[in-house]
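Please read these numbers as outputs of a predicted model, since none were measured by experiment. For reference, positions follow the sequence shown, starting with 1. When reading the values below, keep in mind they use all heavy atoms of this one structure, side chains included, and skip hydrogens, waters and symmetry mates.
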Amino acid sequence: VFIDEQKWEIPGAHEALIANGIPTAVLIDYEYPHRATTEDTIDKLSADSFTSIGETLTTWLEAQAPFTP
């Protein structure tokens, strides 16, 4: 489900966490057509997407959250 490459650079508040050694993940789909619009409403949410993110984060946390800045 997730691509194995960095496709975009995403500046934001998470950079301060990373700079202080706090593992941080940002999961954004920049190709989602409704992102950051008034069309981004609950009826557009995908249970499959939430499942994929939840399983990914669970696996990462169970692996003791390995982090390489």
Please list, one pair per line, the donor and acceptor atoms closer than 3.5 Å that link side chains of residues 50-58 to other protein atoms, with sequence neighbours excluded.
{"from": "T51", "atom 1": "OG1", "to": "A47", "atom 2": "O", "distance (Å)": "2.9"}
{"from": "S52", "atom 1": "OG", "to": "D48", "atom 2": "O", "distance (Å)": "3.1"}
{"from": "T56", "atom 1": "OG1", "to": "S52", "atom 2": "O", "distance (Å)": "2.8"}
{"from": "T58", "atom 1": "OG1", "to": "G54", "atom 2": "O", "distance (Å)": "2.8"}

Residues in side chain to side chain donor-acceptor pair (under 3.5 Å) with E31, at least two apart?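 For E31, the residues satisfying side chain to side chain donor-acceptor pair (under 3.5 Å) (neighbours in sequence not counted) are K7.
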Partners meeting side chain to side chain donor-acceptor pair (under 3.5 Å) with D43 (sequence neighbours left out):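 Checked D43 against side chain to side chain donor-acceptor pair (under 3.5 Å); matches are T41.
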For E39, enumerate each residue passing the side-chain contact (heavy atoms from CB on, under 4.5 Å) test, keeping only those at least two apart in sequence or located in another chain.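 Per chain and number, E39 pairs via side-chain contact (heavy atoms from CB on, under 4.5 Å) with H34, T37, K44.
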Residues in ring pair (Phe, Tyr, Trp, His ring centres under 6.0 Å) with H14, at least two apart? none
